[in-house]
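The figures here come from the full heavy-atom set of this structure, side chains too, leaving out hydrogens, waters and symmetry mates.
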Amino acid sequence: MEIATWNINGVRARIETLIAWLKEAGPDIVCLQEIKTVDEGFPRGEIEALGYHVATHGQKGFNGVAILSKTTPDEVTNGLAGDPEDPQSRFLEAVYSIEGGALRVCALYLPNGNPVGSEKYPYKLAWMERLHRFAESRLALEEPLILAGDYNVIPHGHDCWNPEVWKDDALFLPQTRAAFQALEGLGLTDAVRATSDATGLYTFWDYQAGAWPKNYGIRIDHLMLSPEAADRLLETRIDKHVRGWEKPSDHVPVIGRFDFRFRER
DNA sequence: ATGGCCAATATCATTGGA
């Protein structure tokens with residue numbers, strides 16, 4: 001089974017690109033971020049026509065996440081616990097029946113946090129703390145869990161083309177990386193890093209300043225796995241070629257292949 | 001960080017993104 005995360009940067013503007021990739025890759029579950037639409041605006045029909053169930057947690061204009069899956073989830077929960085007043089749609093959780101038990105998949109869009117001097121950076125750190133507590137509670141279930149999303153975190157210097165440029169950025173500040181490492185400390189595994197030590201593994205290239213042709217990328221989209229999911233991880237890949245398509249998102253899909261099978265219903 | 005970006009809004013400019 002293949003499970004992917006992709007910041008689509010506007011699902012309505014990107015529907016042709018999304019369909020082309022779904023047809024090419026045929027993933028079983030896809031976590032989307034920055035759908036930039038309310039639930040009613042999601043181009044649901046086109047995706048359902050390809051055989052996917054669509055779960056959305058949208059928002060007008062910005063943010064918004066969705067989970068596409070080749071089977072219907074048993075349970076879907078909107079929003080990240082820890083702050084019922086948070087108006088931003090950045091988290092969606094789905095539970096699936098697989099052979100041998102349950103598979104829990106979360107689509108998350110972690111706040112960017114720039115500019116660092118603004119209220120946005122404390123919001124990012126507080127959100128990471130909420131994610132930490134959520135992960136802790138779910139890890140206690142000792143089930144396969146995949147926290148898939150745009151983390152807006154460059155974990156290490158070799159996850160970008162030039163760490164010097166990013167040193168004061170909310171994506172790379174020591175405090176940001178420490179919060180990410182604390183997630184790993186809980187027992188979550190960074191799937192791409194678990195399967196490759198290579199440098200130059202990027203998932204985002206800015207639209208500006210020729211970042212794509214110059215390969216000035218960063219790795220900020222991650223599949224974080226509970227031990228029960230990491231045990232079943234077979235391989236990962238980053239569909240970098242999608243960044244070169246017509247009307248690309250500035251992010252590309254990150255895919256994990258797992259030894260899971262949906263339970264027949 | 002930036003060589004000249006991109007999406008959404010009810011827009012002809014601003015905001016947010018990374």
When you compare B/dG17 with B/dT2, how far apart are their C1' atoms, in angstrom units rounded to a whole number? 14 Å
With a 4.0 Å limit, can you tell me whether A/Arg12 has a side-chain N or O closer than that to the phosphate oxygens OP1/OP2 of B/dA7? no
Counterpart residues, side-chain contact (heavy atoms from CB on, under 4.5 Å), relative to A/Tyr109 (two or more places apart): A/Asn7, A/Gln33, A/Glu34, A/Asn63, A/Val65, A/Arg90, A/Asp150, A/Asn152
P gap between B/dA8 and B/dA18, integer Å: 14 Å
Cation-pi check for A/Tyr96 against A/Arg104: NZ or CZ below 6.0 Å from the six-membered ring centre and within 45 degrees of the axis, yes or no? no
Calculate the interatomic distance between A/Gln33 atom CD and B/dA7 atom P; express it in whole Å. 17 Å
Can you say whether the rings of A/His156 and A/His158 are parallel (under 30°), tilted (30 to 60°) or perpendicular (over 60°)? parallel
For A/Ile8 and B/dA7, give me the distance from atom CD1 to atom P, rounded to whole Å. 11 Å
Separation between the C1' atoms of B/dG4 and B/dT9, rounded to whole Å: 24 Å
Base-contact (B) and sugar-phosphate-only (S) positions in nucleotides 11-18 of chain B, heavy-atom cut-off under 4.0 Å, - elsewhere: -----SSB
Given the C1' atoms of B/dA7 and B/dC12, what is the spacing between them in whole Å? 16 Å
Using the side-chain contact (heavy atoms from CB on, under 4.5 Å) criterion, which residues pair with A/Ala25? Sequence neighbours excluded. A/Trp21, A/Pro27, A/Arg237, A/Asp239
What nucleotide among B/dG3, B/dA1, B/dA7 has an atom nearest to a side-chain atom of A/Lys247? B/dA7
Return the minimal non-hydrogen interatomic distance between A/Phe42 and A/Thr37, and the atom names on each side. N-OG1, 3.9 Å
5'-most contact on DNA chain B (nearest-nucleotide basis), A/Val11 vs A/Trp161, goes to A/Trp161
Please measure how far the P atom in B/dA10 lies from the corresponding atom in B/dC5, and state the result in whole Å. 24 Å
Separation of B/dC5 C1' from A/Tyr216 OH (nearest whole Å): 17 Å
Which label fits A/Phe91 and A/Phe134: parallel for a plane angle under 30°, tilted from 30 to 60°, or perpendicular past 60°? perpendicular
Starting at CD1 of A/Ile15 and ending at P of B/dA7, how long is that distance when rounded to a whole Å? 14 Å
Regarding A/Glu228 and A/Arg232, does a basic nitrogen lie under 4.0 Å from an acidic carboxylate oxygen? no
